[in-house]
Amino acid sequence: QVRVVESGGGLVQAGGSLRLSCAASGTFFSISTMGWYRQRPGKQRELVAYIIRSGSTGYVESVKGRFTISRDSAKDTVYLQMNSLKPEDTAVYYCKYTAAPSPSTSYNEYWGQGTQVTVSS
């Protein structure tokens, strides 16, 4: 079974940058959407950014102008460049693919295990 795995989290000072990556362990037949979510302490998981098949992107208001989502379609990899980080960005970040692993399989959601991002003030 194909899995998705995040990397790139860590500890950074406020104002700093981090780049998250999410790669598939195998190859998907088709990916409709790639997204980044986060779960802050005591909060529900929220959508941070997404990119659809056409390349269109969307962001939650709080990260607009600071975060950029991008992808490498050849590698089934999605990135989240996070600049001007704030303490309130501290969270576990998850990637999610909506994808079909084969032509005969329906689309399903594939979640990564999460990567911790901690922004110190």
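Worth saying up front: this structure is predicted, and the values here are computed from it rather than measured.
- Between the OG atom of Ser73 and the CZ atom of Arg53 there is a distance of 10.5 Å, given to the nearest 0.5 Å.
- Residues Trp111 and Tyr97 keep their aromatic ring centres 6.0 Å or farther apart.
- Linking ILVMFWY residues whenever their side-chain heavy atoms come closer than 4.5 Å, directly or via other members, leaves Val60 and Val92 in distinct clusters.
- With values rounded to the nearest 0.5 angstrom, Ser121 atom OG is found 9.5 Å from Gln13 atom CD.
- For the residue pair Gln116/Thr118, the side-chain donor-acceptor check at 3.5 Å is satisfied.
- In this structure, the side chain of Gln39 does not engage the main chain of Gln44 through any donor-acceptor pair within 3.5 Å.
- Counting heavy atoms from C-beta on, the side chains of Met82 and Val117 come closer than 4.5 Å.
- The minimum heavy-atom distance linking Ser70 with Val78 is given by the pair O-CG2, 3.2 Å.
- The hydrophobic cluster containing Trp36 also contains Val119, counting ILVMFWY residues as joined when their side-chain heavy atoms lie under 4.5 angstrom apart, directly or transitively.
- Between Val2 and Thr27 the shortest side-chain heavy-atom distance does not fall below 4.5 Å.
- A donor-acceptor contact under 3.5 angstrom links the side chains of Ser17 and Asn83, judged on distance only.
- Taking the ring centre of Tyr110 as origin, the terminal cationic atom of Arg3 falls outside the region bounded by 6.0 Å and 45° from the ring axis.
- Follow the hydrophobic side-chain contacts under 4.5 Å out from Tyr37 and you never reach Leu18; the two are in separate clusters.
- Put simply, Tyr50 and Tyr93 are part of two different groups of oily side chains (I, L, V, M, F, W, Y) that touch within less than 4.5 Å, one to the next.
- We find the CZ-OG distance between Arg71 and Ser21 to be 15.5 Å, quoted to the nearest 0.5 Å.
- Between Ser30 and Tyr107 the shortest side-chain heavy-atom distance falls below 4.5 Å.
- Between atom CZ of residue Phe28 and atom OG of residue Ser102 there is a gap of 11.0 Å, rounded to the nearest 0.5 Å.
- When side chains are defined from C-beta on, Pro101 does not count as touching Phe29, because their heavy atoms never get closer than 4.5 Å.
- The two residues Ile31 and Met34 come nearest to each other via the heavy atoms CD1-CE, 3.6 Å.
- Val63 and Ile51 end up in the same hydrophobic cluster when Ile, Leu, Val, Met, Phe, Trp and Tyr side chains are linked at under 4.5 Å.
- A distance of 7.0 Å separates CG in Asp89 from OG in Ser62, rounded to the nearest 0.5 Å.
- Contact detail for Asp76 and Gly26: the closest heavy-atom pair is OD2-O, 4.3 Å.
- Taking 4.5 Å as the limit, some side-chain heavy atom of Ile69 sits within range of a side-chain heavy atom of Tyr59.
- A donor-acceptor distance shorter than 3.5 angstrom exists from the side chain of Arg40 to the backbone of Glu88, with no hydrogens or angles considered.
- Atoms CZ and OG1, on Arg38 and Thr115 in that order, are 14.0 Å from each other to the nearest 0.5 Å.
- Within the 4.5 Å cutoff, side-chain heavy atoms of Phe67 are placed close to those of Leu85.
- The side-chain heavy atoms of Thr98 and Asn108, taken from C-beta on, include no pair separated by under 4.5 Å.
- The cationic atom of Arg45 (NZ for Lys, CZ for Arg) lies less than 6.0 Å from the six-membered ring centre of Tyr94 and within 45° of the ring axis.
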